[in-house]
Amino acid sequence: MNNIKIGVLALQGAVREHIQHIEALGATGVAVKRPRELDDIAGLIIPGGESTAIGKLMVEYDFIDAVRAFGEAGKPVYGTCAGMILLAQRIAEGDQPLLGLMDIEARRNAFGRQRESFEANLDIAGIGPFRAVFIRAPWIEAIGEGVQTLAEFDNIKVMARQNQYLVSAFHPELTGDVRIHKYFLDMIEEA
Ligand code: GLN
């Protein structure tokens with residue numbers, strides 16, 4: 001397990017906390033700042049932050065095609081919050097650069113002002129009870145046939161998987177719980 005390298009896209013957003021969770025599992029976490037660094041990693045996390053900013057920087061640094069090729073080669077990609085928006089095929093409103101790797105539609109800032117940031121107890125398929133931190137979170141508005149919903153909150157889809165792609169609307173790196181990162185590590189080991 002020690003030799004598995006997981007990259008965290010390090011253009012903007014919550015990078016360090018993901019790397020700490022990866023290292024807590026005994027794997028190696030790498031901050032990815034250039035597309036060629038994708039060659040050295042077995043899986044990629046796209047962190048939370050601002051999806052418009054991350055998307056623009058991905059265009060500027062030639063990451064869009066590079067991450068698409070990475071995912072299409074079967075390598076696991078996990079998007080949290082803004083990263084979930086970037087992995088989506090469509091967003092409910094607006095127009096911004098997207099990777100479009102996963103057959104979901106995301107709605108940005110979907111929980112509105114009253115629920116700008118909040119915590120909720122989820123029951124995640126394959127993981128169990130999980131305390132989730134949502135920050136100006138998107139939700140999953142619609143999913144395609146091949147997509148499995150892993151968690152809902154108030155009947156709203158907030159975590160899903162489609163083969164090598166995993167998304168969560170919340171931030172698992174902001175709690176001490178490493179089980180979602182372990183789930184992603186298992187996906188990488190199976191790939
Ligand atoms: N609201 C942000 C966006 O739309 C996502 C927030 C987050 O990643 N915590 O990009």
Side-chain angles (χ1 to χ4, degrees), residues 1-91 95-104 106 108 138 140 144 146-148 150 159-174 178-191:
M1 195 207 263
N2 281 315
N3 49 7
I4 290 190
K5 278 194 192 154
I6 303 179
V8 182
L9 186 68
L11 298 175
Q12 194 253 355
V15 176
R16 198 189 44 214
E17 294 84 351
H18 278 294
I19 289 179
Q20 284 165 354
H21 274 48
I22 293 163
E23 305 251 313
L25 292 168
T28 302
V30 187
V32 171
K33 295 192 167 135
R34 293 284 180 274
R36 65 180 141 75
E37 290 160 353
L38 295 169
D39 296 343
D40 301 329
I41 57 171
L44 177 71
I45 294 176
I46 305 178
E50 200 51 51
S51 61
T52 48
I54 298 174
K56 260 185 221 156
L57 290 167
M58 287 184 87
V59 171
E60 202 174 311
Y61 289 87
D62 296 323
F63 264 110
I64 299 282
D65 287 343
V67 174
R68 277 185 192 143
F70 183 87
E72 279 159 6
K75 293 187 184 149
V77 184
Y78 173 28
T80 61
C81 204
M84 175 177 108
I85 296 166
L86 286 156
L87 272 180
Q89 243 163 44
R90 302 169 298 280
I91 50 173
D95 186 25
Q96 62 188 76
L98 300 174
L99 291 161
L101 286 170
M102 197 165 156
D103 190 6
I104 60 170
R108 295 183 63 205
I140 302 170
V147 181
Q148 183 196 2
L150 297 181
M159 184 169 179
R161 175 172 178 182
Q162 182 178 20
N163 305 316
Q164 72 271 42
Y165 306 125
L166 181 70
V167 289
S168 66
F170 53 91
H171 286 261
E173 79 286 6
L174 296 183
V178 296
R179 285 176 299 154
I180 293 181
H181 290 76
K182 173 74 171 76
Y183 181 97
F184 185 58
L185 182 60
D186 291 344
M187 281 171 61
I188 294 171
E189 284 181 321
E190 283 157 21

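As a basis for the values below, the full set of heavy atoms in this structure was taken, side chains included, without hydrogen atoms, waters or symmetry mates.
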Trainee: Check this for me, if you would: do Arg108 and Glu50 make a salt bridge, where the nitrogen-to-carboxylate-oxygen distance has to be below 4.0 angstrom?
Mentor: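 Counted as a salt bridge, because a side-chain N and a carboxylate O are separated by less than 4.0 Å.
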Trainee: Is there a side-chain contact between Arg16 and Ile19 (heavy atoms, below 4.5 Å)?
Mentor: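 They are not in contact (no side-chain heavy atoms under 4.5 Å apart), so the answer is no.
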Trainee: State, yes or no, whether a side-chain contact exists between Leu99 and Ile46 at a heavy-atom distance under 4.5 Å.
Mentor: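 When only atoms from C-beta onward are counted, Ile46 and Leu99 do touch, with a gap below 4.5 Å.
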Trainee: Using side-chain heavy atoms (C-beta onward) and a distance below 4.5 Å, is Asp40 in contact with Val30?
Mentor: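 SC-SC contact between Asp40 and Val30 ruled out.
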Trainee: Could you tell me whether the side chains of Glu173 and Thr80 share a donor-acceptor contact shorter than 3.5 Å?
Mentor: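 On atom types as modelled, these side chains do not qualify, holding no pair under 3.5 Å.
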Trainee: Find the distance between CD (Glu60) and CG (Asp62) and round it off to the nearest 0.5 Å.
Mentor: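 Taking CD in Glu60 and CG in Asp62, the distance rounds to 9.5 Å.
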Trainee: Working to the nearest 0.5 angstrom, can you tell me the gap between Thr52 OG1 and Leu57 CG?
Mentor: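 Going from OG1 on Thr52 over to CG on Leu57, the span is 9.5 Å.
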Trainee: Mind listing the closest non-hydrogen atom pair of Leu44 and Phe184 along with its distance?
Mentor: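 The pair with the smallest heavy-atom distance is O-CZ, 3.5 Å.
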Trainee: Output yes when Asp103 and Arg90 qualify as a salt bridge under the 4.0 Å nitrogen-oxygen rule, no when they do not.
Mentor: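 Salt bridge: yes.
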Trainee: Run the side-chain contact (heavy atoms from CB on, under 4.5 Å) check on Thr28 and Glu23 step by step: do they pass?
Mentor: CA-CA 6 Å; Thr28 302; Glu23 305 251 313; 4.1 Å; yes
Trainee: Run the side-chain contact (heavy atoms from CB on, under 4.5 Å) check on Ile140 and Met84 step by step: do they pass?
Mentor: CA-CA 9 Å; Ile140 302 170; Met84 175 177 108; 3.5 Å; yes
Trainee: What is the distance from atom CG of Leu9 to atom CG of Leu86, rounded to the nearest 0.5 Å?
Mentor: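 The CG atom of Leu86 is 8.5 Å from CG of Leu9, to the nearest 0.5 Å.
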Trainee: Distance check, rounded to the nearest 0.5 Å: Leu185 atom CG versus Ile22 atom CD1?
Mentor: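 Between atom CG of Leu185 and atom CD1 of Ile22 there are 9.0 Å.
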Trainee: Might you point out which heavy atoms bring Val167 and Met102 nearest each other, and give the distance in Å?
Mentor: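 Here Val167 and Met102 meet closest at CG2-CE, 3.7 Å.
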Trainee: Mind checking whether His21 and His181 have parallel, tilted or perpendicular rings, split at 30° and 60°?
Mentor: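 Tilted, since the angle between the ring planes falls between 30° and 60°.
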Trainee: Return the CG to CE distance between Leu98 and Met58, rounded to the nearest 0.5 Å.
Mentor: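 Result: 10.0 Å between the selected atoms.
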Trainee: For side-chain contact (heavy atoms from CB on, under 4.5 Å), just list the numbers for Ile85 and Ile54, CA-CA rounded to whole Å, side-chain angles, deciding distance to a tenth of an Å, and then say yes or no.
Mentor: CA-CA 10 Å; Ile85 296 166; Ile54 298 174; over 6 Å; no
Trainee: For the side chain of Arg68 and the backbone of Leu101, is there at least one donor-acceptor N/O pair under 3.5 Å apart?
Mentor: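 Not at all, since once roles are kept as given, no pair shorter than 3.5 Å links the two residues.
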Trainee: Please find the pair of heavy atoms, one from Pro47 and one from His18, that lie closest to each other, and give the distance.
Mentor: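 So the two residues come closest at CB-CD2, 3.9 Å.
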Trainee: Evaluate the side-chain contact (heavy atoms from CB on, under 4.5 Å) criterion for residues Ile180 and Met159: first the C-alpha distance (whole Å), next the side-chain angles of each, then the deciding distance (0.1 Å), finally the verdict.
Mentor: CA-CA 11 Å; Ile180 293 181; Met159 184 169 179; 4.0 Å; yes
Trainee: Do Met187 and Tyr78 have side-chain heavy atoms sitting under 4.5 Å apart?
Mentor: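 The answer is no; the side chains never approach within 4.5 Å.
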Trainee: Would you name the heavy atoms of Phe70 and Val77 that are closest together and state the gap between them?
Mentor: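 That would be CD2-CG2, 3.9 Å.
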Trainee: What heavy-atom pair brings Val178 and Ala24 nearest, and what distance separates the two atoms?
Mentor: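 Closest pair (atom of Val178, atom of Ala24, distance): CG1-CB, 4.2 Å.
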Trainee: Say you draw a straight line from CD1 of Ile41 to NZ of Lys5; how long is it, rounded to the nearest 0.5 Å?
Mentor: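 So the gap between those two atoms works out to 10.0 Å.
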Trainee: Using a 4.5 Å cut-off on heavy atoms from C-beta on, say whether the side chain of Ile104 contacts that of Leu87.
Mentor: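 When only atoms from C-beta onward are counted, Ile104 and Leu87 do not touch, as no gap falls below 4.5 Å.
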Trainee: Between Pro138 and Cys81, what is the shortest heavy-atom contact and its length?
Mentor: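 Distance-wise, the nearest heavy atoms are CD-SG, 3.6 Å.
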